Amino acid sequence: MKYDFTAIEKKWQAKWMETKPFAAVTGGEKPKFYALIEFPYPSGQGLHVGHARPYTAMDVVARKKRMEGYNVLFPMGYDAFGLPTENYAIKNHIHPAKVTHDNILNFRSQLQMLSYSFDWDREINTTEPSYYKWTQWIFLQLWKHGLAYKTTMPVNWCTSCKCVLANEEVVDGVCERCGAPVVRKEKSQWMLRITKYAQRLIDDLDDLDFIERVKTQQKNWIGRSTGAEVTFKATTGDDIVVFTTRPDTLFGATYMVLSPEHELVKNWLESGKLHNADDVKAYQAAAASKSDLERTELNKEKTGVCLDGVKGINPVNGKEIPIFISDYVLATYGTGAIMAVPAHDDRDWEFAKKFGCEIIEVVSGGEDVQKAAFTAKDETGILVNSEFLNGLTVKDAIPVITKWLEEKGIGEAKVNYKLRDWVFSRQRYWGEPIPMVYCEKCGWQPLSEDQLPLLLPDVESYEPTDDGESPLSKMTDWVNTTCPCCGGPAKRETDTMPQWAGSSWYFLRYMDPHNDKALASKEALEYWSPVDWYNGGMEHTTLHLLYSRFWHKFLYDIGVVPTKEPYKKRTSHGMILGEGGEKMSKSRGNVVNPNDVVEQYGADTMRTYIMFIGDFEKAAAWSNEAVKGSKRFLDRVWNLAESCSDSDAITPANESAIHKTIKKVTVDIDDLKMNTAIAAMMTLVNTFSANGCSKGDIRALLLLLSPFAPHMVEELWEMKGFAAETGKMACQTDWPQYDESKTVDATVEMAIQINGKLRGTMHAATDLDNDAVIAQAHATEVVQRNLEKLGGKIVKTIVVKNKLVNVIIK
RNA sequence: GCCGCUGUGGCGAAACAGGCAGACGCAAGGGACUUAAAAUCCCUCGGUGGCAACACCGUACCGGUUCGAUCCCGGUCAGCGGCACCA
């Protein structure tokens, strides 16, 4: 019989859909295992082969875990709010809900075509009111605990999406999604206080089994730095608080810099303290009009204006020093003001050179500070020109000066983070409505929980407005409501939540997806938490992964979830590139559609190939030619299964090969080394072809292969009569065990080296003792010949058990 | 600029913990079967020299440690990723 993959795959997909062998049941005797992959955004393009890589890998892991006796939760859903759907809806005049629905139909059928062993009864969709009810509920809890607040501040505004962006969504000064320039805009925005969790988000990484890249990237992004806040007096009597990581260099502070947006500058302008007010205002205006891109691109040349009429006073020596404004000092970090120490900071040095500021060396050990700043923070620098700090190393001086500042009441130790609060509003339609109401009398009021979900109303037009208001703002019927507090007239918030809201907690919903009393039952949360293994893209490290850790920690703090971290283990996959190693894209015309591959070769080949393609963590180029190799492999398995002998016994000649393969595949799947697991099975098939094989041999191979090629294996399992004995492959719980002693052959081929160079090989009994191995080696023709040739004596022989013998001849 | 990762045949890649470099697969070449093609099966396949046995070279480059280095150490170059005026 021919391997008719199309018929076989259809047949088993229908059966599995009916009998649901992959349904996860909360509770029971078995140990639980929660495997998670990032749910897709259901775009109009459909499933990408790039999705198939992590999905197949975790499916293989989930299937193996089930066979090993675990109760496995492996769920799937759709992260369906977002701009592409909305933009498509606008362009084609179709409701985004309809677009989403259609796209999900397509995604679901593609996922089912590849037979991922999801529990389909737990499928979720972030745009369903029954789902986003709980997204809104979490927002209300954040509000109640003071972690959500509305404030007016300069935000990142994408000129194309006509929408604000979180800092995490701005990459190189342009919009992460569409690549359009991002400008600063003053807007009133909902914010989430992720900064309150900065320290815990760093600290708790230590106990997690995340790949190192993820940990360092998150730490980097949060950007902790320790130092001190120091209060300088201005000659006007005002306090200027600065943050510095180098309080030891305080005696070298020869000028100060405020950000152009600094509050004091405004005050001084208004009170007429500045003699060059016009210059100052012009500089402020110029800085405000710069986009993020311009600000970063212009970082070669420092600009600024010296404030005429006000000076700062260095608190350690009472010296009056000039104050500048410059956009190299950011309003949003630290206190928005710095003390400048040009001798020991590159940026200050550059600025000082341009504006003729004094450069005073306070740390010796470097080159001439008039020629370059000396920035070393280690023990090489010794303090000078710093009175009571003189002679100390930088490291020792920091605590001394910090204590001194604290005693004098002019400073204190301080930790700062680069992480900013999360800008949580978007001026778009297709997102979760923010369940808040504004009342002139009572201010912002939350909707009561029994009003949830606050449904997204139907609007005439989803077009974003040029004035920066959400399309919802035009829905006056919806906007005008009553205040939950006083009952008077009030208005609803018209901004919606960002794309990242729904995905910040979705893994919890899978645990109990149909619950209408809570986001999930206590019982389900207790049983399934935490996620045991989460695989996803590196691009989500500082977005989704960080956001969801933050939400989870909050939910833990208020007693909703039982663990302080959501994910125990995190791995990451490399991208699938196009045929030539270029990124797949429509414009390059190198996009591979999984449907075409499945049609031509079958889902089992697709799955096997995408696992065989290369190192899971590295990018890999798709190859239409190489797919054939995986198909050939499955064909050979099929042919062997058809032609094997009827014996249930293991063929003696195949026994050690089988045990070696079981060992290799078992270990490799857990390490995501699917490529070498498949290579090992290919080798076993080659062995079977050479030696012939029995039904018993095939049975072992089918068990190992089943997570990769489930349809074909299920068919063969039935054909060979195994199903009649132990039931369907999909329900097997006997992952094959290997016997270590049987992975060893009776004899091994050992390398013979002469003076470290390979000169021949010999067969020796396995585990032979060293003396016997040496004797056998010395007697070989290879050693004798070389002795003669080199005309020396054997001075030493090194034996590496079962591997090689190195004979040193001198 | 700073931090991290990577560099192995024509290609994708293997190599436990310092021990036979290139498993497995793709492509290529040769052969069998076939009227022919596809499919399948067999053989070759890092480079140079040699009929061969074999010898020499070879894991980005230069050097070191070692009986022995793709692996460890020092330096250089190239590529990728992240951060980037964060005081």
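In this text, all values refer to a predicted model and were calculated from it rather than measured experimentally. Scope of the values below: all heavy atoms of this structure, side chains included, with no hydrogens, waters or symmetry mates. All chains are named by letter (A, B, ...) in the order of the sequence lines, taking the proteins before the strands, and each is independently numbered beginning at 1.
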Nucleotide of [options] approaching [X] most closely (side-chain heavy atoms):
{"X": "A/R785", "options": "B/G82, B/C24, B/A55", "result": "B/A55"}
{"X": "A/M682", "options": "B/A87, B/G68, B/G25", "result": "B/G25"}
{"X": "A/K628", "options": "B/A27, B/A87, B/G19", "result": "B/A27"}
{"X": "A/A679", "options": "B/C41, B/C24, B/A87", "result": "B/C24"}
{"X": "A/N806", "options": "B/C85, B/G68, B/C20", "result": "B/G68"}
{"X": "A/W221", "options": "B/C83, B/C20, B/C85", "result": "B/C83"}
{"X": "A/T683", "options": "B/C24, B/C67, B/C26", "result": "B/C24"}
{"X": "A/K673", "options": "B/A87, B/A15, B/A84", "result": "B/A15"}
{"X": "A/A751", "options": "B/C83, B/A87, B/C20", "result": "B/C20"}
{"X": "A/K757", "options": "B/C16, B/C57, B/G25", "result": "B/C57"}

Which value, in whole Å, describes the distance between the [atom1] atoms of nucleotides [N] and [M]?
{"N": "B/U44", "M": "B/C24", "atom1": "P", "value": "12 Å"}
{"N": "B/G12", "M": "B/G7", "atom1": "P", "value": "12 Å"}
{"N": "B/C42", "M": "B/U59", "atom1": "P", "value": "33 Å"}
{"N": "B/G79", "M": "B/U8", "atom1": "P", "value": "14 Å"}
{"N": "B/A60", "M": "B/C71", "atom1": "C1'", "value": "16 Å"}
{"N": "B/A38", "M": "B/A53", "atom1": "C1'", "value": "42 Å"}
{"N": "B/G63", "M": "B/A69", "atom1": "P", "value": "14 Å"}
{"N": "B/C5", "M": "B/C57", "atom1": "P", "value": "33 Å"}

Would you say a side-chain N or O of [X] is under 4.0 Å from OP1 or OP2 of [N]?
{"X": "A/R759", "N": "B/C54", "result": "no"}
{"X": "A/T676", "N": "B/A13", "result": "no"}
{"X": "A/N686", "N": "B/G25", "result": "yes"}
{"X": "A/R246", "N": "B/A87", "result": "no"}
{"X": "A/R632", "N": "B/A39", "result": "no"}
{"X": "A/N675", "N": "B/A14", "result": "yes"}
{"X": "A/Y333", "N": "B/A87", "result": "yes"}

### Task
Examine the side chains of A/T231 and A/D239 and answer whether a donor and an acceptor come within less than 3.5 Å of each other.
no
### Query
Using a distance-only test with no angle check, is there a side-chain donor-acceptor pair under 3.5 angstrom linking A/E168 and A/W221?
yes
Tell me what [X] touches on the nucleic acid: a base, only sugar-phosphate, or nothing, going by heavy atoms under 4.0 Å.
{"X": "A/E749", "answer": "base"}
{"X": "A/I798", "answer": "base"}
{"X": "A/I613", "answer": "sugar-phosphate"}
{"X": "A/T245", "answer": "sugar-phosphate"}
{"X": "A/S225", "answer": "sugar-phosphate"}
{"X": "A/S623", "answer": "nothing"}

How close or far is atom [atom2] of [N] from atom [atom1] of [X], stated in whole angstroms?
{"X": "A/Q753", "N": "B/C67", "atom1": "CD", "atom2": "P", "result": "13 Å"}
{"X": "A/E582", "N": "B/C80", "atom1": "CD", "atom2": "P", "result": "12 Å"}
{"X": "A/L758", "N": "B/C20", "atom1": "CG", "atom2": "P", "result": "9 Å"}
{"X": "A/M575", "N": "B/C5", "atom1": "CE", "atom2": "P", "result": "20 Å"}
{"X": "A/E539", "N": "B/G82", "atom1": "CD", "atom2": "P", "result": "10 Å"}
{"X": "A/F351", "N": "B/A87", "atom1": "CZ", "atom2": "P", "result": "18 Å"}
{"X": "A/R224", "N": "B/C3", "atom1": "CZ", "atom2": "C1'", "result": "18 Å"}
{"X": "A/D615", "N": "B/A23", "atom1": "CG", "atom2": "C1'", "result": "16 Å"}

#### Entry: Distance-only donor-acceptor test, A/K418 side-chain atoms vs B/C83 base atoms, 3.5 Å
no
### Message
So for A/K664 and B/C16, does any side-chain atom that can act as donor or acceptor lie under 3.5 Å from a complementary atom in the base?
### Response
no
### Query
A/R246 versus A/V394: any side-chain heavy-atom pair under 4.5 Å?
yes
### Task
For residues A/L543 and A/E176, determine if any side-chain heavy atom of one lies less than 4.5 Å from a side-chain heavy atom of the other.
yes
#### Entry: Which atom of A/K414 lies closest to which atom of A/F243, heavy atoms considered
O-CE1, 3.6 Å
### Query
Under a 3.5 Å cutoff on both atom distances, Watson-Crick or G-U, what's the dot-bracket for RNA chain B ([ ] crossing, | other strand)?
(((((((..(((......[....))).(((((.......))))).((((....))))..(((((..]....))))))))))))....
### Euclidean distance, A/I240 CD1 relative to A/L264 CG, rounded to 0.5 Å
6.0 Å
### Rounded distance [0.5 Å steps], CD1 in A/I194 versus CG in A/D421
8.0 Å
### Task
With syn defined as a glycosidic angle within 90° of 0 and anti as everything else, classify B/G9.
syn
#### Entry: Centroid separation A/F351 to A/F324 less than 6.0 Å
yes
### Message
Go through it in stages, so that I can follow the logic: the residues are A/I323 and A/F232, the test is side chain to side chain contact (heavy atoms under 4.5 Å, CB included), and I'd like the CA-CA distance, side-chain angles, deciding distance and then a yes or no.
### Response
CA-CA 11 Å; A/I323 303 173; A/F232 282 57; over 6 Å; no
### Salt bridge flag under 4.0 Å for residues A/E38 and A/R570
yes
### Message
Can you work out whether A/K796 or A/A619 has the more 5'-proximal nearest nucleotide on RNA chain B?
### Response
A/A619
### Query
Pick the nucleotide of RNA chain B nearest each of A/T761 and A/V627; which residue has the one closer to the 5' end?
A/T761
### Task
Scan A/R213, A/K673, A/R53 and name whichever one has a salt bridge (charged side-chain N to carboxylate O under 4.0 Å, His left out) with A/E617.
A/R213
